[in-house]
Amino acid sequence: MLENLTLKEASAGIREKKFKPSELAAAMMDRAEKQNADLNVYITTTRTEAEKLAKEADARQEKGELLGLLDGVPGALKDIINTQGVLTTSASKILSNFVPPYNATVAEKLFNAGLVLTGKTNTDEFACGGSTEYSAYGPTRNPWDFSRVAGGSSGGSAAAVAAQSAYYSIGTDTGGSIRLPAAFCGVSGLKVTYGRVSRSGVTAMASSLDTIGPFAKTVEDLAMILQTIAGSDMKDSTTPRVAVPDYSSGLNSDLQGLKIGVPKEYFVEGLDPEVEKIVRAAMVDYEKLGAKLVPISLPYTKYAVAIYYIIMPAELSANLARYDGIRFGLKPEGEVTDIVEQYYKTRDQGFGQEVKRRILTGNYVLSAGYFDAYYRKAMKVRTLIKADFENAFKEVDVIMTPVSPGVAFKVGEKSNDPLAMYLEDAFTIPASMAGIPGLSVPCGFNSNGLPVGLQILAPQFAEDLLLKVGHQYQMHTDWHKKFPAL
Ligand code: GLN
């Protein structure tokens, strides 16, 4: 079955002329369109674009002029990534009619490498959430259990890979938005080092934290995608000129002597005992592969969520100030008599409740008199969290933790309880604060058949190490080979 292939297998099949890119595209689009009624993975499916791009790839295949390993393979992009001529809503009503005039750098790089776009995936509005329930276009459902969330905010991107309507997808991770949905949907997801992938043309959420990264069925596939999207970009001044290594070539060396830090602060009350058992079993598997487990402490972990919900809204409120309905986006309903009223109405009608909550918080913590007490203090704590990791990486090579305290929860279970929702990211936010990369790999299923994820963290720009550590696990386990029957 074409849908069961990994990205690597699809790529090899194209090169060996076993099938045409247009056949893969048709298979993916049929699934994407059929599943969307139940799963709501895509805000927009793009059959017309997919057919056109696949035909061009067919021609290159025929002539033996394929652009590279990704050429002709169907993939999906989160709907906060600008795509020229294709609706990009950021899952908000305020951008419900926004068709970007240019491609984001990440989209441009992938199109240049032969991406066949299946569609624009659902997300929480402006990536603000952990379940994809805060989308103006309705929640994405978990392919393993339709009554549950897919995780968020890149829930659509994770679910597209799990539901096998795309061989890979791109999401963003500001506080956990790739790692959490990867874990909830049972796929592999990579949050890169801050600055490793250009953010140009991707709707900004919290600019000092935003990162862009891939989802796929295997870690080996993630390496292929990262190879294409990583690197410095003139259009994003936060992308340093750090060399991009060959991510695939290092995957096969063994883990003999690898030191894995196990932070005690991530195995605390509130962690689902079944999740703990499964994650600890994965670590024992690593010991069998020659790694050594080292107990460590990251003492400032407990402040991470609290300071994230100061820093993130501060930056978000500044970034969202540009949506005023004047240059692009929603025009308000009803009479407006002056420009100020137009701003009020556009933003009142255009933003959802959670985004409004964050704008208010952000403006509050930045306002005169509160800036020092909240924002500046939070930034100081952020430095301490970063130092926690720097100290730990003097002793160990990587750190392993659960991705989240629990498995995918029910749709509606936490959507009216912001605090419960925010705590889902307790284990992913610290790495975001430190700007380090993190990988989420499937490591088992709970007694209800729901996937559990293992989080692996490494020092800045050590994606090559992370990918090797993830790949070696997948060479010896089968969790990543399981998919829901759809
Ligand atoms: N769940 C977190 C939030 O709601 C993280 C979001 C993200 O990484 N984009 O802010």
Side-chain angles (χ1 to χ4, degrees), residues 77-81 90-92 121-135 139-140 149-158 169-185 189-194 197 199 202-215 304-317 319-320 351-362 365 378 382 403-406 408-409 413-438 440 453 455:
L77 299 175
K78 184 173 181 175
D79 209 25
I80 67 170
I81 298 170
S90 296
S92 182
T121 55
N122 202 3
T123 158
D124 290 286
E125 182 178 7
F126 289 108
C128 292
S131 66
T132 315
E133 290 171 286
Y134 299 142
S135 164
T140 292
V149 300
S153 64
S154 312
S157 292
S169 62
I170 303 293
T172 64
D173 189 314
T174 299
S177 280
I178 288 177
R179 291 161 286 164
L180 184 72
F184 280 12
C185 292
L190 176 68
K191 175 223 178 275
V192 299
T193 305
Y194 180 75
V197 175
R199 296 171 297 124
V202 177
T203 311
M205 180 187 171
S207 303
S208 76
L209 296 161
D210 293 344
T211 62
I212 293 156
F215 291 93
V305 173
I307 66 158
Y308 173 80
Y309 280 93
I310 293 172
I311 297 168
M312 174 275 296
E315 297 182 8
L316 178 80
S317 63
N319 279 325
L320 296 190
F351 289 132
Q353 203 192 358
E354 177 62 22
V355 166
K356 283 180 186 162
R357 184 183 351 256
R358 294 179 187 213
I359 293 173
L360 290 176
T361 314
V365 298
R382 180 174 181 177
V403 174
S404 75
F409 44 90
E413 192 180 321
K414 296 182 201 271
S415 48
N416 294 319
D417 184 352
L419 203 57
M421 191 76 93
Y422 298 169
L423 287 172
E424 285 299 308
D425 289 317
F427 299 157
T428 51
I429 283 175
S432 302
M433 289 294 159
I436 60 173
S440 176
Q455 174 171 242

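As the structure is a prediction and not an experimental result, all values here were calculated from the model. Side chains included, hydrogens not; waters and symmetry mates left out as well; all remaining heavy atoms used. In listed order, ligands and their atoms are each counted from 1.
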Please identify which atoms of ligand 1 are closer than 4.0 Å to at least one heavy atom of G130. 1 (N)

Which heavy atom of the protein is the closest neighbour of atom 9 (N) of ligand 1, given with residue, atom name and distance? S177 OG, 2.7 Å

In the protein, which heavy atom is nearest to atom 4 (O) of ligand 1, and how far is it? R358 NH2, 2.8 Å

Would you say Y422 touches ligand 1, if touching means a heavy atom closer than 4.0 Å? no

Parallel, tilted or perpendicular: which fits the ring planes of Y309 and Y422, with parallel below 30° and perpendicular above 60°? parallel

Element-labelled atoms of ligand 1 that are located less than 4.0 Å from some non-hydrogen atom of A127: 6 (C), 7 (C), 9 (N)

List the atom of D425, the atom of L180, and the distance in Å for their closest heavy-atom pair. OD1-CD2, 3.9 Å

Which segment of K191 sits under 4.0 Å of ligand 1 when only heavy atoms are counted: neither

Quick one: look at C128 and ligand 1, take heavy-atom pairs under 4.0 Å, and tell me if it's side chain, backbone, both or neither. backbone

Near S153, which atoms of ligand 1 are under 4.0 Å from a heavy atom of that residue? 9 (N)

Heavy-atom contacts under 4.0 Å between Y309 and ligand 1: side chain, backbone, both, or neither? side chain

Distance alone, cut at 3.5 Å: any donor-acceptor contact between the side chains of S177 and T172? no

Pair K78-S153, side-chain donor/acceptor within less than 3.5 Å: yes

Quick one: do the R382 and S432 side chains pair a donor with an acceptor below 3.5 Å? no

To the nearest 0.1 Å, how far is atom 10 (O) of ligand 1 from its closest protein heavy atom, and which atom is that? Y308 OH, 2.6 Å

For ligand 1, which atoms have a heavy atom of T174 less than 4.0 angstrom away? 7 (C), 8 (O), 9 (N)

Atoms of ligand 1 less than 4.0 Å from M205 heavy atoms? 9 (N), 10 (O)

Would you mind running through ligand 1 and noting each atom that sits below 4.0 Å from a heavy atom of G176? 8 (O)

Check: E125/S135 side-chain N/O donor and acceptor closer than 3.5 Å: no

Donor + acceptor pair across side chains of S207, N319 (<3.5 Å): yes

Is the closest side-chain donor-acceptor distance between S90 and T203 under 3.5 Å? yes

Smallest heavy-atom separation, A183 atom then S440 atom, equals N-OG, 3.6 Å

Is there a heavy atom of M421 sitting under 4.0 angstrom from any atom of ligand 1? no

From CA spacing to verdict: salt bridge (Lys or Arg N to Asp or Glu O under 4.0 Å), K414, E424: CA-CA 10 Å; K414 296 182 201 271; E424 285 299 308; 3.5 Å; yes

Which ligand 1 atoms are under 4.0 Å away from a heavy-atom of D425? 1 (N), 2 (C), 5 (C)

